[in-house]
Amino acid sequence: MSTTVAAPSIAAEVAIFSRQSQMAQGTVRRNTSDLTHDESVRQPDPGGNCLNWVVGHLVWVYDMVLPALGQQPVLGDRMPAGYHRHSNDRLDCAQSLPFAELLAGFEQAATRFQAGLASATPELLDAPAPVSPSNNPKETVRSLLVSISFHQAYHAGQTGLLRRLAGKEGAIR
C-alpha cells in the first residue's frame with residue numbers, strides 16, 4: 001500500500017508565508033520598541049551591520065518583492081543604496097534614515113507583504129520571480145517567497161543581539 005502526500009492548498013501555503021512574516025514583524029517590533037536613532041546606528045565591534053542598517057535592509061528587501069504581490073514599495077527610490085544587498089559592511093551614519101522612519105516603513109512593508117500574500121493565486125506563485133537573490137534563472141515567486149521568509153527571519157533575529165549591544169535588556173524571553 002503506497003501513501004501519497006497531498007500538495008498543500010494555496011491557502012495553507014500562503015498562510016505559512018504570512019505567519020512567518022508576522023513572526024519576523026513581531027520580533028523586530030519587540031526588539032526595537034524603545035531604541036533611539038543614536039542607539040540604532042551604533043556599529044558592532046569588530047564588525048557587522050548596525051541595527052539601523054538591518055531594519056532598513058528588511059524594508060529594502062520587502063520593497064523589492066512587493067510589486068510581484070501587487071503592492072507598492074514603501075520607500076522605493078528614497079532608500080539610500082547603503083541599505084541594499086552587498087552594500088558596504090558599515091552604513092555611513094550621515095546617510096542613514098531616521099530610525100523611526102525605518103521602523104514605520106518596516107511595519108508598512110510587512111503589512112503590504114501580508115496583504116499581497118492574501119490575494120496570491122497558484123498562477124502568481126508559479127510565475128517567474130522579478131528578482132532572484134541566488135541568480136536562479138528558474139526562480140519563481142514561490143521560491144522567492146521561501147528565500148524572503150528565511151532572510152527576514154535571519155535579520156529579525158539579529159535585532160535581538162543588536163538590542164543587547166545597545167545596552168538594553170532582552171525583549172523576548
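Within the structure, salt bridge (Lys or Arg N to Asp or Glu O under 4.0 Å) contacts touching residues 123-138 (residues at least two apart or in different chains) are Asp126-Arg142.
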For residues 69-77, dump all side-chain donor-acceptor pairs below 3.5 Å to protein atoms at least two apart in sequence or in another chain.
none

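Remark: Thr36 pairs with Asp38, Glu39 by the side chain to side chain contact (heavy atoms under 4.5 Å, CB included) rule, at least two apart or across chains. Checked against side chain to side chain contact (heavy atoms under 4.5 Å, CB included), Thr111 has the following partners two or more places apart in sequence or in another chain: Gln25. The side chain to side chain contact (heavy atoms under 4.5 Å, CB included) check on Ile172 picks up Thr27, Arg30, Asn31, with sequence neighbours excluded. With sequence neighbours excluded, the residues that form a side chain to side chain contact (heavy atoms under 4.5 Å, CB included) with Val131 are Met64, Leu144.
Considering only heavy atoms from C-beta on, Leu125 stays 4.5 Å or farther from Thr140 through its side chain. Side-chain contact between Tyr83 and Val55: absent, with no pair of heavy atoms (C-beta onward) separated by less than 4.5 Å. Residues Cys50 and Arg42 form no side-chain contact, since every pair of their non-hydrogen atoms from C-beta on lies 4.5 Å or further apart. Using a 4.5 Å cut-off on side-chain heavy atoms (C-beta onward), Ser134 and Glu139 make contact.
Using cut-offs of 30° and 60° on the angle between ring planes, the pair Tyr62 and Phe113 is tilted. Ring planes of Trp53 and His57: parallel class, angle under 30° (limits at 30 and 60°).
Electrostatic pairing of Arg112 and Asp63 does not count as a salt bridge here, judged by no charged N lying under 4.0 Å from a carboxylate O.
A donor-acceptor pair is defined here as one N or O able to donate and one able to accept, closer than 3.5 Å; no such pair exists between the side chain of Arg163 and the backbone of Lys168. Formation of a donor-acceptor pair under 3.5 Å by the Asn52 side chain with backbone atoms of Pro98 is not found in this model.
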> Does the side-chain contact (heavy atoms from CB on, under 4.5 Å) test come out yes or no for Thr32 and Phe106, once each step is laid out?
Replying inline: CA-CA 11 Å; Thr32 60; Phe106 177 72; over 6 Å; no
